[in-house]
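What follows is a set of notes on a single structure, which appears directly below.
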Amino acid sequence: MGGSLLTDKNIPFSIREDVIKSAIQQIIDANRRLILIHGGGSFGHPIAKKYKISQGINSSIKNQIFGLTKTHEAMIKFNSQIIEEFLEKKYPVLSIQPSSIFIKHLNEISFESIEPIETSLDLGILPVLYGDIILDKEGNFSIISGDRIILELCKNLKRYGISKVIFAIEKDGIFVKDNKNDKKIIKLASEISLEELDEIKLADLGNKIDVTGSIRGKLHSIKEICRLNIPVQVINGLTDGNIFKALSNQNLICTSISGIHDEKKLSEIYMRKIEHLIIPIESNVQHIKNYFDNIKLIHHSLPEVELDDIDITTIFFNKKISAPICISAITGGHPISKAINRILAKAAEEENIIMSVGSQRIGLEDPSTIESFEIVREVAPNIPIIGNIGIGQINSSTFKKEDFIECIEMVKADVMAIHFNALHELVQSNGNISYTNFFEKFQKIRKEINIPIIAKEVGTGFNKDLALRLDSLGFDGFDVGGTGGTSFAAIESHRDNFSFEKYTRRLADSFREWGIPTPLTILYVREVTKKLIIATGGLRNGIDIAKSIALGADIGGFAYKFLLSAWKDYNNNTFIHTIKEIKTLKDELRSSLWLTNIANIKNLKDNKDKRVLLGELYQWVNQ
């Protein structure tokens, strides 16, 4: 937020109280993870100008060092008033002093530490920075503007993807002069590409653009930000609701400057990819009830097999794996997704277990994202890999057999999964909720594709009738994906900018717990088919894998648990946490078999003598 927006630069130490209150309330209402940077306005600028702080040390300027500290103190005073306004509304914010984390050396600005900012974001705290003085290792000083701080954050934030940068000023955006019929017409440039900004720079900038407010000074930073493939919006912060609209990706009058391939950055699907990673980490979106608690394995007090002789290996479509464990579909399509997938694949390869990728739809729509999927096979050449595309894409009139083959080739898949996510699509903005052509379209694909294809549910489970129909249709197995783990309705509730204009409550909130519990959907599917079953949805440990197999599943799958381990590895530049999680699951599974006196996975499968159903699960099965 520009200093001239928040203060009256003509009156030293003046504040536009109504503007600040409105802006802060809009930020709170939008409830987005962000970093706030504000300018100096009538607090820092008059003093900095008087003592020529931006020009550096000058012995001819009387009391300049005093002026340097006075400039810094003025900015602290201004910032504290903004912080106080947030705190009065009980919103967690933290003032981060730029002069303490930035340093200048040989005319280059560097971060001394970015950890306070990233840790604040981790904790759900809004970091607030501001234009400030900056010290130079050469014994000098200068000014670091809010615009430059934004640019440095865009360059250096590693653990968070930046969706866009918003400049809130006193005008509707960038105004340009358009020469028509020898008349100079001033108009708002609603959309500008990075290339057009460069053209303006190469020509006579003064004649090409109406530099209102402080836009001239911002253009350099804007161009550098866009070159980092981060889109920029320049909005009027005085217009009621504009800040909220910009943060909520709603339409508004402004100037949008696109980065390289910016259509990808601004697309809903691209943003959804990173939000689906971050929201489960930061928020409780797990189902309230986990029905694995309603299953007990029958203990055997005198195991007759050596623990080390327990065989937990199994076969997955002709490939032998070390344990019936699958890293379920998590992500793909974002630079962070690529890093996460690399960690997961590397760990899966080392431990010889199955890995599935997230939906490959974005890879089909935006080839620049394909590398986030390809990385899996690059680092895991030997393990079974499951590709992934949705029923919405299969049902589409534009989806072709070649698209399905492209998904296979993208990850060199051993198996393809088609995910069934009707509830998820229903509760998300612009979801795909038409599947009337699915059966016909799938049959055509099935005839042409010679690798196994499994039906994958995404958190709501398969009922018996549909499982039977899918089995007869030609699916080679099932990933049952019942309730008990992550609720995608809960995730969409966090993503939904619900206005309450039409309805009294969110559909996603009403359907948060909707679906068939994972243990029950395992029983349903096993009753109608002998084909492979992957149990996913609420498995927490190796004991739950054993319970799933005792119910009739073949494999236990985990997404949330491996997302947490991979996120920790991502932040520490390692993959040891994910390796340890796999080893822990194996140890728990082996111990479960030993304590039930079972020597191998085959003897546990669908073993009714080794399981007891309790409570609601028993009632559901026996109604």
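Only a predicted model underlies this, so the values are computations on that prediction, with no experimental measurement involved.
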Is a side-chain N or O of [X] found less than 3.5 angstrom from the main chain of [Y], in a donor-acceptor match?
{"X": "Asn395", "Y": "Gly392", "value": "no"}
{"X": "Thr518", "Y": "Gly482", "value": "yes"}
{"X": "Asn607", "Y": "Ala550", "value": "no"}
{"X": "Arg469", "Y": "Ser472", "value": "no"}
{"X": "Thr584", "Y": "Lys580", "value": "yes"}
{"X": "Gln250", "Y": "Lys245", "value": "no"}
{"X": "Glu349", "Y": "Asn382", "value": "yes"}
{"X": "Glu513", "Y": "Ile288", "value": "yes"}
{"X": "Asp569", "Y": "Ile576", "value": "yes"}
{"X": "Asn290", "Y": "Gly538", "value": "yes"}

Between [X] and [Y], do the side chains contain an N or O donor and an N or O acceptor separated by less than 3.5 Å?
{"X": "Lys610", "Y": "Asn603", "answer": "no"}
{"X": "Ser487", "Y": "Gln286", "answer": "no"}
{"X": "Ser368", "Y": "Asp366", "answer": "yes"}

Which pair of heavy atoms, one from [X] and one from [Y], lies closest together, and at what distance?
{"X": "Ile353", "Y": "Pro384", "result": "O-CD, 4.1 Å"}
{"X": "Thr521", "Y": "Val480", "result": "CG2-CB, 3.5 Å"}
{"X": "Lys456", "Y": "Asn388", "result": "CE-ND2, 4.4 Å"}
{"X": "Arg611", "Y": "Leu523", "result": "NH2-CD2, 4.0 Å"}
{"X": "Ala422", "Y": "Tyr435", "result": "CA-OH, 3.7 Å"}
{"X": "Gly459", "Y": "His287", "result": "O-NE2, 3.9 Å"}

Decide yes or no for [X] and [Y]: does some side-chain heavy atom of the first lie under 4.5 Å from some side-chain heavy atom of the second?
{"X": "Phe316", "Y": "Ile534", "value": "yes"}
{"X": "Ile310", "Y": "Val305", "value": "yes"}
{"X": "Ile451", "Y": "Ile408", "value": "yes"}
{"X": "Ile325", "Y": "Ile354", "value": "no"}
{"X": "Cys326", "Y": "Ile386", "value": "yes"}
{"X": "Ser548", "Y": "Phe292", "value": "yes"}
{"X": "Glu351", "Y": "Glu581", "value": "no"}
{"X": "Ile362", "Y": "Phe373", "value": "yes"}

How long is the span from the [atom1] atom in [X] to the [atom2] atom in [Y], to the nearest 0.5 Å?
{"X": "Glu402", "Y": "Glu409", "atom1": "CD", "atom2": "CD", "value": "12.5 Å"}
{"X": "Lys401", "Y": "Glu448", "atom1": "NZ", "atom2": "CD", "value": "4.5 Å"}
{"X": "Ile162", "Y": "Leu34", "atom1": "CD1", "atom2": "CG", "value": "11.5 Å"}
{"X": "Leu551", "Y": "Lys608", "atom1": "CG", "atom2": "NZ", "value": "9.5 Å"}
{"X": "Ser396", "Y": "Leu364", "atom1": "OG", "atom2": "CG", "value": "10.5 Å"}
{"X": "Leu604", "Y": "Ser592", "atom1": "CG", "atom2": "OG", "value": "8.5 Å"}

All ring pair (Phe, Tyr, Trp, His ring centres under 6.0 Å) counterparts of Phe462, not counting sequence neighbours: Phe420, Phe478
Mind checking ring pair (Phe, Tyr, Trp, His ring centres under 6.0 Å) for Trp594 and listing every partner two or more places apart, or none if nothing turns up?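 None.
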Going by side chain to side chain contact (heavy atoms under 4.5 Å, CB included), name the residues that satisfy it together with Lys444, two or more places apart in sequence or in a different chain.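 Glu440.
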Glu306: side chain to side chain contact (heavy atoms under 4.5 Å, CB included) partners, not counting sequence neighbours: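 Listed in chain order: Asp309.
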Can you give each donor-acceptor pair under 3.5 Å made by side-chain atoms of residues 339-347, sequence neighbours left out, with the distance rounded to 0.1 Å?
from: Asn341; atom 1: ND2; to: Thr331; atom 2: O; distance (Å): 3.2
from: Asn341; atom 1: ND2; to: Ser372; atom 2: O; distance (Å): 3.0

Are [X] and [Y] within salt-bridge range, i.e. N to O under 4.0 Å?
{"X": "Arg540", "Y": "Asp544", "answer": "yes"}
{"X": "Arg590", "Y": "Asp587", "answer": "no"}
{"X": "Lys412", "Y": "Glu378", "answer": "no"}

Should Asn294 and Lys289 be marked as a side chain to side chain contact (heavy atoms under 4.5 Å, CB included) after you check the CA-CA gap, both sets of side-chain angles, and the distance that decides it? CA-CA 10 Å; Asn294 288 159; Lys289 187 170 183 60; 4.1 Å; yes
Carefully, step by step, assess Arg446 and Leu473 under the rule side chain to side chain contact (heavy atoms under 4.5 Å, CB included). CA-CA 9 Å; Arg446 177 70 281 182; Leu473 197 64; over 6 Å; no
Checking salt bridge (Lys or Arg N to Asp or Glu O under 4.0 Å) between Asp554 and each of Lys531, Arg526, Lys530, Lys602, which is the one that passes?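 With Asp554 as partner, Lys531, Arg526, Lys530, Lys602 yield a single salt bridge (Lys or Arg N to Asp or Glu O under 4.0 Å), made by Arg526.
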Less than 6.0 angstrom separating the ring centers of His424 and His276, yes or no?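 Yes.
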Worked verdict on Leu617 versus Leu520 for side chain to side chain contact (heavy atoms under 4.5 Å, CB included): CA-CA 7 Å; Leu617 181 61; Leu520 186 63; 4.2 Å; yes
Sequence neighbours left out, what pairs pass side-chain hydrogen bond (donor to acceptor under 3.5 Å, both in side chains) with at least one residue falling in residues 310-324?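 Residue pairs with at least one partner in residues 310-324: Asp311-Thr313, Lys319-Asp414, Ser322-Lys586.
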Salt bridge (charged side-chain N to carboxylate O under 4.0 Å, His left out), that's the test. Do Arg32 and Glu275 meet it? Break it down for me. CA-CA 11 Å; Arg32 292 288 184 175; Glu275 288 174 342; 3.0 Å; yes
Residue among Ile545, Leu564, Ile582 satisfying side chain to side chain contact (heavy atoms under 4.5 Å, CB included) with Phe558: Ile545
Trp514 atom CH2, neighbour heavy-atom count above 12 within 6.0 Å: no
Taking atom CD1 as the centre, does Ile405 end up with more than 12 heavy-atom neighbours from other residues, nucleotides or ligands that are less than 6.0 angstrom away? yes
Given the rule in the side chain to side chain contact (heavy atoms under 4.5 Å, CB included) test, do Leu277 and Ile330 qualify, once you have shown the distances and angles that lead to the verdict? CA-CA 8 Å; Leu277 282 177; Ile330 295 177; 4.0 Å; yes
